[in-house]
Amino acid sequence: MIDYKGIESKWQAEWEKARLFEGNISDKESYFITVAFPYPNAPQHIGHLRAYGTGDVIARYKRMKGLNVLFPMAFHGTGTPILAFAKRLKNNDPDLINELKMFHVPDEELKKMTDPLYIANYFVAEIENGMRRAGYSIDWRRKFVSIEPFFSKFIEWQFKMLNEKNYLVKGRHPVGWCPNENNAVGMHDTKHDVEPEIEKQTAVKFKVEGEESYMLCVTYRPETVYGVTNLFVNEEAEYVKCTINGESIYLSKAASEVLKYQLDISQAEDVAPQEMLQKRCIGMDGKAIPVLSGFFVDKEIGTGIVMSVPAHAPFDYSAIERLKAKGYATDISPIKVLEIPGKDYEIPALAYLKMAQTDANGTMEEIEKATKLEYRDESHLGKMTIKGYEGMPETEARERIAADLIKGSKAMELYILVNIPVYCRCGYGVVVKVVDNQWFINYGDKEWKEKTKEAFKGIRILPPKSRKAFEAAIDWIDLRAVARAQGLGTRFPLDPNYIIESLSDSTIYMAFYTISHLIRNVKLESLKPEFFSYVFLGEGNPEEISKLTGIDYDIVKRCKESFDYWYLNTSRHSGVDLIFNHLTMYIYNHVALLEQKRWPKQIVVNGSVLSEGEKMSKSLGNIVPLIDGIEKYSADLIRFVVVAGADLFSDSEFSADAVKGVDERLTFVYDIARKLDSMESTELTHIDYWLYSKLNRKIISASESIEQLELRAYATAVLYDSVLELRRYFNRKGANGIVVRDYVSALALLLSPITPHMAEELWHALGNSTFASVEKWPTANPEMVSDRIESEEGMLDGIIDDTKAVIELMKRKHGSDPKSVRYITAAKWKMPITNAVAGSKKIGAAVELIKSDPEELKGFDKGRMMAYATGLGKKVNSLQKTEVTQDDEMKLIVESSAYISSILNCEVSVEREEDSKSARASAAMPGRPAIEAEF
RNA sequence: GCAGGGGUGGCAGAGCCUGGCCAAAUGCGACGGGCUUAGGACCCGCUUCCUUUAGUGGAUGCAAGAGUUCAAAUCUCUUCCCCUGCACCA
């Protein structure tokens, strides 16, 4: 058993002592890599290893490739989670306490966690410790927390710049809202962490006949407004008549309670449902329509009043039919507003009810099913038939008609909570509140968007298949609310009552790493915008800036140099879940604020981590704290499993079994390294050349893989395949000390990015005194890669397999093991003929070749050749060209006869087909000798 | 609904871009054997079906269906299914 823990702490101390990972300006090319900084409100678990570990693998690889690498780390304290944490802790939230217990947070610490800053600092220390133990090659000197005042100075500069470019705009904005606590609520503030999903909907106003008032109906399908035959209310609901924006409006009492957070509602007076039923409204065509009782109308949904379109809505149709059955509403007939080309439904709603195998008397579920079917079909295929919109696709008409109605003040927009009910943690139902005067970053700005799209072309995205998601995100992102009423962070310069929202203050913070260690002790008031504009944009000169701000000339100059040096060749790493917000905003802000040469060069996204096949979650209790993982399994093993266990885009799976597999293989390699001294070095044999060929091929493929961040392929090549190759080498009686040493030395370096501690240990076990972590990445000698030698070895395996099969059959007859096996290698003329067929996939090619009577086939029996060629018929598609000649084949079998006979347990001999008297001789093919077993 | 990613053998997971060395790598599991007092570890074999008591043969097969091709897991089209995101939340 390898002492991973001892090895890891030893090398971590050595690296630290040698200051191996401190990034300092040099004349080498720079490589600047950042991973999205962690939120310090909990310790890390092994899932976090995915992103940071991936970043570290790249940092380490690039270092070995000779680049001057800077890999810094900081912490994101901005926003509400830490405040929420403090609040939950104060209330002794049992879930939170359990979670913290699982992470081994001591009780006495919990008592001290009343101050948000204390909480942040505690977890900053905790996370940093975990990252160090994971072996990340981080330059810790640049560490900061995003709620530190000097960082705020930087963010203030950023927002000043955004404002100068007119990217900050003000407007209305809907948010989930708790009426009890008077707070905006996001997913983290609701029971069961439900996101309050807000949707914009159209509410159509229908004038009440003989009154200066309206009934308000919320609808998903404003385009069907021309098919309205009546309105529906719920006989048992309570209704009110109130004043909205100066107009008199009827709606359900429940709706008025909810909508008052987004509309100016006053003077409510109760109206009995029976009263509602006696009124008539004016339809789109100016004719009066009745208000009827709808069995399906829910007072909690929308406004409690529904516009009825029996032609296109199965519920409306059913309600009308049921009324008709009782003798009401007999004069109502459906009005079609659209049709699906090729489908000639008289009443579409009825047609879909039939499709759902029901009718107007169906259950709610059945009618719901019909509704979904109809909605889907009509959205996809529907074309409008009503005047003014003829032929227009339904989805287009939906937007057009809604816009037209609003323009004619016949409708208004409402925000509705889609997934009601959502409850705040305090127990109250969440509503939608429309906030006025909300500040936004306008990512919808056309010019900015275009420029960002242009910039995106220059960014390398890994894995490449996530590129499309980025394109979609860049297109889609629009207004982004930027100011929040509560939370930690930087005050919004244009309105200091608000705090800058946490994703918005982390879009260009990577630049801050280049100077954080230099300005940490600079007086806050000196960190003026001019200073940042000089450092990041080169505006002004150091003398002037120093004088203006009071910052030492030397510091000003060093900041600029540091930024200029590091901020060129940048790589950004994060989880796939951040494509649609952080990463897209990262690109946008760079484009807006920095010079083109500072724009992102590479973005890498990775999936998450499953624990024993399940998503890690508190309720499942399968979260493995990072420290626990390291304690139990070691950093190297979990690094390997989590980071290299799946391709970048997929979730990787953490399991004890996988860890065990890696452990066994590393142990296998390590044992070989320690036994090397006892191995002699003799003349190179076939199998030695084979191992060299495999090694050099591996160096090429592993380098390509890691360069493309195909980490699974890289890991498979350097560990899994290596073990298979070494096993085969030893099975084949390979025993050359020099060859194995070369192989293992290269492996140590190839493994260094992913299992840095073990690689370091291996490297030193081989007698080296340098650090593997900063050694030169191995380069392949392409001349040592030999297809011929590898295919000969493959051939040998094939021969042995075939022989075993033959022996197995023979044993049934003879009842004993064979005394000897004779191989008969295919006649010389078979190779060109086989290759001709393999190359062209046509028998004809061989026939042509034989007819043309070339030098190599002279003197052989044409009839036999033709027979052989024809016999290849069925194998045409699987035949492969071979470079292995009959002489090679003879030699291989002779040289390997000891090996073959050790496996088969009998004597082995070989002869040429030309010399053979065996009846089986003609069965020989190139690479597949005939087999004659003797008993 | 919109957008993105997927569907491969008992399971996980390569292969797909660049069609043919693909009955499909590798690992796990199952099974048989060796080793062992036993278990673990390790080693060997096997893991679609049929055929063959001298072999490397055949059939079916990579979500379903159709197409292109001498040739399809791989290319094209259609359908079905699964996962993720959809904003003020880090």
Side-chain angles (χ1 to χ4, degrees), chain A residues 36 38-39 41 76 78-82 173-176 184-189 193 195-198 220 375-376 379-380 395 435 438 440-441 443 463-473 475-484 487 501-504 506 576-582 607-608 613 645-647 649-651 653 655 657-658 660-661 664-665 712-713 716 720-721 723-724 727 731 791 794 798-799 801-815 838 840-842 874-882 903 919-920 923 925 927-933:
Chain A
Y39 205 91
N41 69 338
H76 197 199
T78 317
T80 50
I82 291 179
H173 186 64
V175 292
V185 288
M187 193 167 80
H188 299 285
D189 311 308
D193 282 351
E195 176 75 44
E197 265 185 73
I198 296 167
Y220 277 108
Y375 186 78
R376 195 185 68 185
S379 295
H380 275 301
T395 43
V435 184
Q438 171 65 272
F440 299 92
I441 300 184
Y443 292 112
K465 71 174 160 195
S466 54
R467 213 178 164 85
K468 276 190 189 163
F470 273 94
E471 282 166 1
D475 242 350
W476 160 88
I477 195 168
D478 193 23
L479 292 176
R480 167 121 198 154
V482 69
R484 291 215 56 173
E501 175 273 326
S502 56
L503 284 181
S504 298
S506 57
V576 284
D577 49 328
L578 294 185
I579 293 176
F580 273 80
N581 45 52
H582 165 69
S608 58
D647 66 81
F649 209 63
S650 314
D651 293 343
E653 188 157 340
S655 70
D657 277 353
K660 192 175 120 206
E664 282 164 12
R665 287 170 179 80
R712 188 183 169 82
T716 306
Y720 285 74
D721 292 350
V723 169
L724 292 177
R727 283 211 181 115
N731 283 343
S791 67
I799 291 171
D801 279 352
D802 285 351
T803 313
K804 281 180 183 167
V806 171
I807 289 174
E808 201 47 48
L809 282 172
M810 293 290 290
K811 269 167 103 175
R812 294 188 217 168
K813 185 175 173 186
H814 296 272
S840 63
K841 305 289 172 201
K842 285 190 175 72
K874 282 184 177 167
K875 303 182 183 108
V876 165
N877 288 335
S878 60
L879 274 186
Q880 289 302 310
K881 272 192 165 181
T882 176
I903 288 178
R920 323 235 125 254
M925 282 176 61
R928 298 200 121 159
I931 299 161
E932 179 95 44

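Any value given below was found using the heavy atoms of this structure, including those in side chains, with hydrogens, waters and symmetry copies removed. In what follows, chains are A, B, ... by sequence order, proteins preceding strands, each numbered from 1.
Residues that satisfy the salt bridge (charged side-chain N to carboxylate O under 4.0 Å, His left out) test with A:D475, not counting sequence neighbours, are A:K453. With sequence neighbours excluded, the residues that form a side chain to side chain contact (heavy atoms under 4.5 Å, CB included) with A:I477 are A:Y443, A:K449, A:T584, A:M585, A:Y588. Every residue two or more places apart in sequence or in another chain was checked for a side chain to side chain donor-acceptor pair (under 3.5 Å) with A:Q438, and none qualifies. Listed by chain and number, the residues in a salt bridge (charged side-chain N to carboxylate O under 4.0 Å, His left out) with A:D802 are A:R928 (sequence neighbours excluded). Scored by the ring-ring contact (aromatic ring centres under 6.0 Å, His included) test, A:F470 finds A:F456 as partners (sequence neighbours excluded). In this structure, A:T716 has no side chain to side chain donor-acceptor pair (under 3.5 Å) partners at least two apart in sequence or on a different chain. For A:T803, the side chain to side chain contact (heavy atoms under 4.5 Å, CB included) partners at least two apart in sequence or on another chain are A:I799, A:I807, A:V821, A:Y823, A:L904, A:I931. By the salt bridge (charged side-chain N to carboxylate O under 4.0 Å, His left out) test, A:R665 is found to be paired with no residue, residues two or more places apart in sequence or in another chain being considered. A:R480 pairs by the side chain to side chain donor-acceptor pair (under 3.5 Å) definition with A:E501, not counting sequence neighbours.
Between the CH2 atom of A:W476 and the P atom of B:rC88 there is a distance of 10 Å, given to the nearest Å. When the P atom of B:rG4 is taken as reference, atom CD1 of A:I477 falls 17 Å away, rounded to whole Å. To the nearest angstrom, P of B:rG5 lies 13 Å from CZ of A:F470. Protein atom CZ of A:R928 is 11 Å distant from nucleotide atom C1' of B:rG57, rounded to whole Å. In this entry the distance linking CG of A:D802 with C1' of B:rU52 reads 14 Å, nearest Å. Residue A:E501 contributes atom CD, which lies 6 Å from atom P of B:rA90 at whole-angstrom precision. The CZ-C1' distance, from A:F649 to B:rC17, rounds to 16 Å in whole Å. Atom OH in A:Y39 sits roughly 7 Å away from atom P in B:rA90 (whole-Å rounding).
Only the C1' atoms considered, B:rC46 is 15 Å distant from B:rA23, to the nearest whole Å. Distance noted for atom P between B:rC77 and B:rG6: 15 Å (whole Å). A distance of about 13 Å separates the P atoms of B:rU48 and B:rC11, rounded to the whole Å. Taking atom P in both B:rC21 and B:rG13, the straight-line distance is 25 Å, to the nearest Å. With C1' as the reference atom, B:rC17 and B:rG10 are 30 Å apart, rounded to whole Å. Rounded to whole Å, the C1' atom of B:rA59 lies 30 Å from the corresponding atom of B:rC44. Only the P atoms considered, B:rA64 is 35 Å distant from B:rG55, to the nearest whole Å.
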With the criterion being N/O to N/O and under 3.5 Å, what pairs connect the protein with nucleotides 26-35 of chain B, and how long is each?
none

If you restrict it to nitrogen or oxygen atoms, what contacts under 3.5 Å exist between nucleotides 6-11 of chain B and the protein, and what is each distance?
unit_1: B:rG6; atom_1: OP1; unit_2: A:K465; atom_2: NZ; d: 3.3

Enumerate all atom pairs, one protein N or O and one N or O from nucleotides 81-85 of chain B, separated by less than 3.5 Å.
none

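Taking the side chain of A:R484 as heavy atoms from C-beta on, and the options B:rA87, B:rA90, B:rA14, the nearest nucleotide is B:rA90. Checking B:rA3, B:rC89, B:rA90 against the side-chain heavy atoms of A:H76 singles out B:rA90 as nearest. Comparing B:rA87, B:rA90, B:rG55 against the side chain of A:I931 picks out B:rG55 as the nearest. When distances run from any side-chain atom of A:E653 to the nucleotides B:rA3, B:rA12, B:rA87, the shortest one goes to B:rA12.
Annotation: side chain of A:D478 is not in contact with side chain of A:F440 (no heavy-atom distance under 4.5 Å).
Remark: A:N731 is in phosphate contact with B:rC44, judged by side-chain N or O atoms under 4.0 Å from OP1 or OP2. A sub-4.0 Å separation between OP1 or OP2 of B:rA3 and a side-chain N or O of A:R467 is absent.
Base pairing of B:rC70 is made with B:rG20, judged by Watson-Crick or G-U wobble geometry with both donor-acceptor distances under 3.5 Å. Applying the Watson-Crick and G-U wobble criteria (two distances, each under 3.5 Å), B:rG85 pairs with B:rC2. Pairing of B:rA59, defined by two Watson-Crick or G-U wobble distances under 3.5 Å, is identified with B:rU48. When both pairing distances are held under 3.5 Å, B:rC77 makes a Watson-Crick or G-U pair with B:rG65. Base pairing of B:rG9 is not made with any nucleotide, judged by Watson-Crick or G-U wobble geometry with both donor-acceptor distances under 3.5 Å.
A distance of 9.5 Å separates OG1 of A:T78 from CG of A:L503, quoted to the nearest 0.5 Å.
Among the protein residues, A:A646 comes within range of no part of the nucleic acid, since none of its heavy atoms lies under 4.0 Å from any strand. As judged by a 4.0 angstrom heavy-atom cut-off over every strand, A:P463 is placed among residues making no nucleic acid contact. As judged by a 4.0 angstrom heavy-atom cut-off over every strand, A:A481 is placed among the base-contacting residues.
Looking only at distances, a side-chain donor or acceptor of A:H76 sits under 3.5 Å from a matching main-chain atom of A:S502. Judged by distance alone, the side chain of A:S466 and the main-chain N or O of A:A469 form no donor-acceptor pair under 3.5 Å.
Contact record, A:G607 with A:V576: CA-CG2, 4.2 Å, taken as the closest heavy-atom pair.
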